[in-house]
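Naming convention: chains lettered A, B, ... in sequence-line order (proteins, then strands); numbering from 1 in each chain.
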Number of protein chains: 2
Amino acid sequence: MDHLNVSERAAVSPEVAVSTVIFSLRRSTCEPSASAQLWIPLVRRTREPYRGQWALPGGPLAAHQSLQGAAAENLRTTTGLVPRYLEQLYTFGGVDRSPTQRVVTIAYWALVREDESGGDALFGTAWGARTVSSQIRDDPNVAWFPVDSPQVREGLAFDHSNIVDYALWRLRNKVTYGQIANRFVGETFTLGQVREVYEAVLGRRLDPANFRRQLMGAAGLEDTGEYLHGVKHRPPKLYRYVEPEPRAEQSEAEQTTNPSGTRPLAQEGSRA
Amino acid sequence: MDHLNVSERAAVSPEVAVSTVIFSLRRSTCEPSASAQLWIPLVRRTREPYRGQWALPGGPLAAHQSLQGAAAENLRTTTGLVPRYLEQLYTFGGVDRSPTQRVVTIAYWALVREDESGGDALFGTAWGARTVSSQIRDDPNVAWFPVDSPQVREGLAFDHSNIVDYALWRLRNKVTYGQIANRFVGETFTLGQVREVYEAVLGRRLDPANFRRQLMGAAGLEDTGEYLHGVKHRPPKLYRYVEPEPRAEQSEAEQTTNPSGTRPLAQEGSRA
DNA sequence: CCAATAGTGTCTGTAAGACAGTATGCT
DNA sequence: AGCATACTGTCTTACAGACACTATTGG
């Protein structure tokens, strides 16, 4: 009967790992006219299996490390960046994921902003300028790839291409409602910039007029009174986000797209 | 550098367990007028920690068992029932979840139909009749509880009350769109029966007229031509569901509520 | 006839998408 | 002036919710 409960026996447990899909927004060329694209950092494997192939940043879970903590650690080690958003994606535990031993991988996905440590912002005072940047670590075994590239979609180690696919799907669903896009932009921003984020994530053009209405209607936007100059047309207003309700609890483990926005959080911190 | 990749070192991994929240629909009384409610089976712990308390069915992951396979096994062992729906919920890995040792629990949630093995259907030829039933195993350490009960909402072992809360939220979101409610009803059914499922899950009454329109518009419903008799009013039509597209692949690991219905599946079977 | 549910039709408010049109900067 | 983008307003369509009304059984 005791096999029905979480057991305290020292069973032969599979290896537990945490991997993270880290999305950032960049332009493929230095043309300001080029539309932004999603990129992710990958790490080259230095040992078997899949030696030499690219894989998601990740590693085994340390004994007294929380899952989310491990994901944040992946992010910091690989990119030196701080996550603007971090959420558990799914747990992959197929028996044959790794040819050598059983590994259960808890996958997370994260959003970062390019400009957070050194270097120009993607949406800085002017568009573009510096686009492939913030390679804080000059490690040759870390590199950024566009999520659209065949390298990413098919060529990753283990089942990591699958994981990226799934993370991308999740991002697209999340961005439709709610406050996800603002994780890509800076403190102040124009509506055009936010719209460009949506267009990059969703992969299609959006009507500026309708987009404005939706965003103004729903989100906690505040007019800063400032304008963005240096563009070669009418200068747009700068906005900033305001937190709707500053409750003490910070949600994390939120999981599922829901129409009405954010909600329930299977607690994950120290006790969940 | 190698700590960035999934490692093949024999690290000291935490215990890996799989637990399952199993929803079924029942009436609290034998009155046909009483509205249906969600119930889940729990298992009483026979050892420390939390000895004597109720917990979700679950247990350590066996070496060559898939995650979903383990969840299905939980279900079969506890209830003898076959899942009509089974999906990964979330992975709980907080350092202090268990007082004795580190346990990472991959939680699943499932829907079952009461009538699947022996006994009358909940929605059989007549309403009600047999409501607390299909206790296939006469194990005193297994019992069904209404999800609303304080026992379930607060009194479970570990963080299992949290897990149930989260599963309930997920179910409510999933049922809004898509083909979830049909997992609770039999082969043929009336629209009133499906509506009752929605009402039980969502916890509020729905307008019969509007509900009909919605369901007829979206889902693959087929009029059987039959009517349900034995009711003390106008006999309703019996319908059946038709699969929209019988592709070979069966999805499983689908995760997130999305407005447009079913979609992407992080593959889980033998390779994910 | 009455009670109760099945099933149909209509109205209204909200919101999304299409799109015309105005405003204001730069070259 | 001409262009590019910001920003405003309007029209249409779709759909959800409210609700009136008819249909058909059992008691």
For the pair made of [atom1] in [X] and [atom2] in [N], what is the distance, rounded to whole Å?
X       : N       : atom1 : atom2 : result
Y239(B) : dG7(C)  : OH    : C1'   : 8 Å
F189(B) : dA6(C)  : CZ    : P     : 14 Å
L228(A) : dG25(C) : CG    : C1'   : 12 Å
K237(A) : dT5(D)  : NZ    : C1'   : 15 Å
R213(B) : dG17(D) : CZ    : C1'   : 8 Å
Y227(B) : dA6(C)  : OH    : P     : 13 Å
Q214(B) : dG7(C)  : CD    : C1'   : 16 Å

What's the separation between atom [atom1] in [X] and atom [atom2] in [Y], rounded to the nearest 0.5 Å?
X       : Y       : atom1 : atom2 : result
L56(A)  : D159(A) : CG    : CG    : 9.0 Å
Q193(B) : L25(B)  : CD    : CG    : 11.0 Å
W169(B) : W109(B) : CH2   : CH2   : 11.0 Å

Check whether any side-chain N or O of E199(B) sits under 3.5 Å from a backbone N or O of L206(B) as a donor-acceptor pair, and report yes or no. yes

Given 3.5 Å as the limit, does a donor-acceptor pair link the side chain of R84(B) with the main chain of V185(B), or not? yes

Under-3.5 Å N/O pairs linking protein and nucleotides 22-26 of chain D:
residue : atom : partner : partner atom : Å
dA23(D) : N3   : R234(B) : NH1          : 3.0

Residues in contact with DNA chain D, drawn from residues 202-212 of chain A - heavy-atom cutoff 4.0 Å: A209(A), R212(A)

With side chain to side chain contact (heavy atoms under 4.5 Å, CB included) as the test, pick out the partner of F23(A) among W39(A), F184(A), Y85(A). F184(A)

Among K237(B), R240(B), M216(B), the one residue meeting side chain to side chain contact (heavy atoms under 4.5 Å, CB included) with D223(B): K237(B)

Could you label the plane-to-plane angle of the Y90(B) and F92(B) rings as parallel, tilted or perpendicular, counting under 30° as parallel and over 60° as perpendicular? perpendicular

